[in-house]
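One structure is given here, and the rest of the page talks about it.
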Amino acid sequence: AVEVTSLTMTGDPADFIGQGLEYYYTPPDATFEALGYDSYTVHVFVNAPDISEHWTLIFAPPNGQPLVPGPYPGATDYPSQAPTEPGLFVAGNGRACSASTGSFEVLEIAYGPEREILSFRAKFEQHCGPSPVALRGEIRFLAEVHAEVHAPERLAVLAEEPMAFDVAGVALDGTAVTLAADNLPEGATFVDQGDGRGRFTWTPALSRIGSHIVTFSARDSLGRGESTKTEISVGRIVHVPAEHTTIQEA
């Protein structure tokens with residue numbers, strides 16, 4: 001395993017916080033500070049002075065419980081969340097949501113005797129207010145990572161048209177990595193090419209219109225590793241007026 005400290009974020013084009021950009025920070029180009037506060041709320045501060053970028057990320061459990069590994073759905077704007085709700089706050093570069101919703105998943109956390117954060121890792125998704133657009137990312141602070149896997153987060157495709165994409169993985173101990181896919185939709189295939197890359201291919205049938213979530217994993221020689229999910233939305237072209245008389249009807 002390798003201790004990894006990094007912040008990765010991607011904002012949808014209309015997201016106020018992310019501005020539709022991709023962000024990646026890691027030492028020594030950025031400094032990271034993780035602090036445990038009251039009720040085991042975790043604050044992470046990321047500063048990149050050379051490019052004047054500064055981010056604050058806050059993860060709070062409900063009801064004053066300690067944060068533990070697992071999902072925290074239904075998060076609302078910290079510190080105004082209800083006692084039964086988890087709190088989330090991601091802001092930076094002078095931008096913050098006036099009210100936010102979202103979710104996060106704690107993948108790793110370790111406290112010291114004075115509640116100091118020895119290690120922390122979480123994935124998050126934040127929306128400003130009711131907006132469907134989002135900022136998504138992952139924070140790692142001295143996190144133990146055995147393998148990494150990279151795949152598209154979301155894809156929109158048309159039924160009856162072939163589609164394909166690559167998945168990449170690496171074992172951080174330098175050994176060979178094994179890639180796999182779970183919850184493949186009917187008719188889809190995934191092939192581990194044996195060189196740290198895998199290929200997903202699919203021609204979705206009309207009966208597969210809708211959303212499909214596929215899980216991809218990367219494992220090192222001891223079976224330790226990571227997984228990530230790709231949401232594939234399958235649709236079709238609707239013809240107006242051949243199938244529907246108006247666009248509104250369609």
Side-chain angles (χ1 to χ4, degrees), residues 1 3-12 15-19 23-27 29-49 52-131 133-145 153 226-229:
E3 285 188 346
V4 177
T5 297
S6 64
L7 172 62
T8 305
M9 298 189 297
T10 302
D12 288 339
D15 173 59
F16 174 65
I17 306 300
Q19 301 281 293
Y23 302 86
Y24 178 73
Y25 306 94
T26 190
D29 297 324
T31 61
F32 289 73
E33 184 179 20
L35 302 174
Y37 283 95
D38 58 309
S39 303
Y40 292 94
T41 300
V42 174
H43 291 54
V44 184
F45 305 98
V46 181
N47 297 292
S52 301
E53 298 201 7
H54 313 279
W55 296 91
T56 299
L57 303 92
I58 304 175
F59 304 87
N63 293 326
Q65 305 165 9
L67 276 174
V68 296
Y72 289 84
T76 54
D77 194 40
Y78 176 89
S80 59
Q81 77 272 17
T84 57
E85 296 175 338
L88 175 64
F89 179 84
V90 181
N93 296 344
R95 298 186 298 273
C97 298
S98 58
S100 65
T101 59
S103 62
F104 62 91
E105 181 180 5
V106 176
L107 302 174
E108 177 184 341
I109 187 167
Y111 297 99
E114 302 298 326
R115 286 191 183 177
E116 67 269 28
I117 303 301
L118 303 180
S119 67
F120 182 69
R121 182 180 180 187
K123 294 183 178 181
F124 59 87
E125 178 174 315
Q126 178 180 265
H127 305 258
C128 284
S131 173
V133 299
L135 175 70
R136 302 174 183 87
E138 180 175 344
I139 180 68
R140 299 172 175 179
F141 180 77
L142 300 177
E144 187 177 82
V145 181
E153 288 187 0
E226 305 290 327
S227 63
T228 190
K229 294 180 180 180

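When a residue number appears, it is its place in the shown sequence, counting from 1. Quick note: numbers below take in every heavy atom, side chains included, and nothing from hydrogens, waters or symmetry partners.
- Residue Tyr111 holds its OH atom at 10.5 Å from CG of Leu118, rounded to the nearest 0.5 Å.
- For the salt bridge (Lys or Arg N to Asp or Glu O under 4.0 Å) test, residues two or more places apart in sequence or in another chain that qualify with Glu226 are Arg121.
- Side-chain atoms of Leu7 and Val44, non-hydrogen and from C-beta on, never get closer than 4.5 Å to each other.
- The closest donor-acceptor contact from the side chain of Asp12 to the backbone of Ala134 lies under 3.5 Å.
- Residues meeting the side-chain hydrogen bond (donor to acceptor under 3.5 Å, both in side chains) test with Thr76, sequence neighbours left out: Glu85.
- Contact check for Tyr78 versus His43: side-chain heavy atoms found under the 4.5 Å cut-off.
- Residues Ser119 and Glu108 share a closest heavy-atom pair of OG-OE2, 3.0 Å.
- With sequence neighbours excluded, no residue forms a salt bridge (Lys or Arg N to Asp or Glu O under 4.0 Å) with Asp77.
- The closest donor-acceptor contact from the side chain of Thr5 to the backbone of Leu142 lies under 3.5 Å.
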List, one per line, each side-chain donor-acceptor pair under 3.5 Å for residues 67-75, sequence neighbours excluded.
from, atom 1, to, atom 2, distance (Å)
Tyr72, OH, Val68, N, 3.0
Tyr72, OH, Val68, O, 3.2

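- When the side-chain hydrogen bond (donor to acceptor under 3.5 Å, both in side chains) test is applied to Thr10, no partner is found at least two apart in sequence or on another chain.
- Taking OG1 of Thr84 as the start and CD of Gln65 as the end, the distance is 10.0 Å to the nearest 0.5 Å.
- Between Ile17 and Met9, the closest side-chain pair of non-hydrogen atoms is not below 4.5 Å.
- Across all their heavy atoms, Leu35 and Phe45 have their closest contact at CD1-CE1, 3.9 Å.
- Scanning for side-chain hydrogen bond (donor to acceptor under 3.5 Å, both in side chains) contacts around Glu33 gives an empty result, with sequence neighbours left out.
- Residues satisfying the side-chain hydrogen bond (donor to acceptor under 3.5 Å, both in side chains) criterion with Asn93, sequence neighbours excluded, are absent altogether.
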Atom pairs and distances, side-chain donor-acceptor, residues 122-129, under 3.5 Å, sequence neighbours left out:
from, atom 1, to, atom 2, distance (Å)
Lys123, NZ, Ser227, O, 3.4
Glu125, OE1, Arg136, NE, 3.2
Glu125, OE2, His127, NE2, 2.8
Gln126, OE1, Val90, N, 2.9
Gln126, NE2, Val90, O, 2.9
His127, ND1, Ser131, O, 3.1
His127, ND1, Pro132, O, 3.2
His127, ND1, Val133, O, 2.9

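- Put simply, the side chain of Ser6 reaches to within 4.5 Å of the side chain of Tyr24, judged on heavy atoms.
- Taking the ring-ring contact (aromatic ring centres under 6.0 Å, His included) definition, one finds that Phe59 meets it with Phe104, Phe120, sequence neighbours left out.
- With sequence neighbours excluded, no residue satisfies ring-ring contact (aromatic ring centres under 6.0 Å, His included) with Phe16.
- Atom OG1 of Thr228 and atom CD of Glu153 lie 7.0 Å apart (nearest 0.5 Å).
- Under the rule for a side chain to side chain contact (heavy atoms under 4.5 Å, CB included), the partners of Ala30 that lie at least two apart in sequence or sit in another chain are Tyr25, Phe32, Val46, Ala48.
- Checked against ring-ring contact (aromatic ring centres under 6.0 Å, His included), Tyr23 has the following partners two or more places apart in sequence or in another chain: Trp55.
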